[in-house]
Number of protein chains: 2
Amino acid sequence: MHETAQILRDKKIRPTLTRLAVGEVFFKSFDHPSAEDMVSKLKKVSPCISRATVYNTLELFVKKGLASKRALKAGGVIYDPVVSPHHHFLDKESGKIYDIPWDLAKLPGKIDLPGFEVEDYYLVITGKKTRRTNGTQQKNGRNAQ
Amino acid sequence: MHETAQILRDKKIRPTLTRLAVGEVFFKSFDHPSAEDMVSKLKKVSPCISRATVYNTLELFVKKGLASKRALKAGGVIYDPVVSPHHHFLDKESGKIYDIPWDLAKLPGKIDLPGFEVEDYYLVITGKKTRRTNGTQQKNGRNAQ
DNA sequence: GTTCGTGCAAACGGTTTGCAACAAT
DNA sequence: ATTGTTGCAAACCGTTTGCACGAAC
């Protein structure tokens with residue numbers, strides 16, 4: 001199955017070889033990679049891929065709704081193939097980020113702030129991870145919610 | 001009144017001239033300055049202050065509980081003299097950040113995540129600001145909550 | 001005299017930009 | 001022809017580090 005090509009075509013992104021390679025790796029990256037992480041992963045597969053192209057492609061994915069981009073910790077932004085609403089837990093010891101399903105935090109359905117037009121909101125939760133859970137496994141990137 | 005000196009002494013920070021200058025400016029900075037913003041502000045007052053010292057001092061303030069440090073948007077961390085719990089609204093057009101009082105969002109008193117030891121949590125709200133409010137005025141940095 | 005605080009410049013890491021070549025329309 | 005895509009290197013910007021000097025303990 002050429003799922004990645006289909007995902008790109010659905011979003012009117014021309015499925016070039018480079019973009020297929022980026023997509024192929026990114027859409028299964030549930031470890032909240034930075035752009036530089038993605039460059040590393042991709043260099044292993046396709047050694048002469050360009051840093052600039054990876055950055056461009058990730059930004060393109062964000063623009064087209066195939067990725068979300070979050071500033072959660074100092075020193076760089078992370079990209080997430082899960083675009084449905086969810087929260088993030090940041091382990092202060094390891095620096096690892098875990099997805100937290102939206103309804104685990106009992107938030108009000110909408111947030112009304114006089115003077116502000118709210119587009120999006122999410123929790124950033126910090127602390128320490130205690131047990132191994134499946135916290136980061138969430139494969140509903142482009143379908144759910 | 002030498003309020004700044006007292007704040008520092010209370011936290012066992014030796015109130016050197018440099019730190020007084022940083023504190024004097026920082027403790028009234030309710031505009032969510034980056035470290036580099038603080039360097040600029042301080043260079044106006046005290047032109048030969050060192051970049052490294054400003055960075056060091058801000059980190060010291062964070063460590064001593066006089067500042068909070070947040071990654072809210074790409075391209076750098078911001079420092080906030082308001083250390084009591086509150087949320088942040090990020091205006092996507094202007095890039096400006098506004099403090100949102102804790103109880104404006106009706107959050108549950110605590111968040112229970114099996115497998116995680118929750119230390120801190122807060123909302124990041126994005127959108128557009130519509131009206132001028134006093135959203136960013138909140139002078140209860142070291143006292144409230 | 002050992003640690004702490006400061007300034008300066010260089011280094012560093014993540015990201016963006018400029019440019020040249022090529023492919024698709 | 002014009003636009004879109006890619007790679008490469010250089011530039012850029014926020015932050016950290018190394019070092020030297022002076023002040024405080």
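All values below come from the heavy atoms of this structure, side chains included, with hydrogens, waters and symmetry mates left out. Naming: A, B, ... by sequence-line order, numbering from 1 per chain.
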Identify the pairs formed between an N or O of the protein and an N or O of nucleotides 20-22 of chain D at a distance under 3.5 Å, and give each distance.
none

ask   = How many Å lie between CG on B:L58 and C1' on D:dG14, as a whole number?
value = 13 Å
inquiry  = Looking at D:dA23, I'd like to know if its phosphate oxygens (OP1 or OP2) sit under 4.0 Å from a side-chain N or O belonging to B:T16.
reply    = no
request  = Please list, chain by chain and in numerical order, all residues satisfying salt bridge (charged side-chain N to carboxylate O under 4.0 Å, His left out) with A:K92, sequence neighbours excluded.
outcome  = B:E119
note = Output for pair (A:T57 OG1, A:I13 CD1), nearest 0.5 Å, gives 9.0 Å
ask   = Atom NZ of B:K64 to atom P of C:dG5: distance rounded to whole Å?
value = 9 Å
task = For A:R51, report the nucleic acid contact type (base, sugar-phosphate, nothing); a contact means any heavy atom under 4.0 Å.
result = base
ask   = Taking atom P of D:dG7 as reference, at what distance in whole Å does atom CG of A:L17 sit?
value = 10 Å
key: side-chain hydrogen bond (donor to acceptor under 3.5 Å, both in side chains): pairs with one or both residues in residues 69-81 of chain A, sequence neighbours excluded   = A:H32-A:D80, A:E59-A:K69, A:E59-A:Y79, A:R70-A:D120, A:D80-A:H86
ask   = Listed in order of residue number, which residues of residues 33-47 of chain A have a non-hydrogen atom at under 4.0 Å from DNA chain D?
value = none
inquiry  = Going by side-chain hydrogen bond (donor to acceptor under 3.5 Å, both in side chains), name the pairs with one or both residues in residues 12-26 of chain A, residues two or more places apart or in two chains.
reply    = A:T4-A:E24
For nucleotides 18-25 of chain C, list the nitrogen or oxygen atoms of the protein found under 3.5 Å from its nitrogen or oxygen atoms, one pair per line.
none

ask   = CG of A:L58 to CD1 of A:I78: how many Å apart, nearest 0.5 Å?
value = 11.0 Å
note = Judged by nearest nucleotide, the residue sitting upstream toward the 5' end of DNA chain D, B:N56 or B:G75, is B:G75
query = Which whole-number value in Å describes the distance from B:L60 CG to C:dT3 P?
reply = 19 Å
ask   = For B:S50 and C:dT6, is the shortest distance between a side-chain N/O and OP1 or OP2 below 4.0 Å?
value = no
query = Which residues pass the side chain to side chain contact (heavy atoms under 4.5 Å, CB included) test with A:L104, sequence neighbours left out?
reply = A:I100, A:P101, B:L113
query = A:E59 has an atom CD; how far is it from atom C1' of D:dT5, in whole Å?
reply = 16 Å
note = Heavy-atom closest pair (B:A105 atom, B:L123 atom, distance to 0.1 Å) is CB-CD1, 3.4 Å
request  = Would you please confirm or rule out a distance under 4.0 Å between OP1 or OP2 of C:dG5 and any side-chain N or O of B:T53?
outcome  = no
query = NE2 of B:H88 to CG of B:D99: how many Å apart, nearest 0.5 Å?
reply = 5.0 Å
message = If you only use heavy atoms from C-beta on, which nucleotide in C:dT6, C:dT16, C:dG7 is closest to the side chain of A:Y55?
response = C:dT16
ask   = Residues two or more places apart in sequence or in another chain: which of them pass side chain to side chain contact (heavy atoms under 4.5 Å, CB included) with B:K128?
value = A:E117, B:E93
task = Scan for side-chain hydrogen bond (donor to acceptor under 3.5 Å, both in side chains) pairs involving residues 41-56 of chain B, sequence neighbours excluded, and state none if there are none.
result = B:S29-B:K41, B:D31-B:K41, B:E36-B:R51, B:E36-B:Y55
inquiry  = According to side chain to side chain contact (heavy atoms under 4.5 Å, CB included), who are the partners of B:D37, at least two apart in sequence or on a separate chain?
reply    = B:P33, B:S34
request  = Calculate the interatomic distance between B:R19 atom CZ and D:dA23 atom P; express it in whole Å.
outcome  = 16 Å
request  = For B:D91 and B:K129, indicate whether the former's side chain and the latter's backbone hold a donor-acceptor pair under 3.5 Å.
outcome  = yes
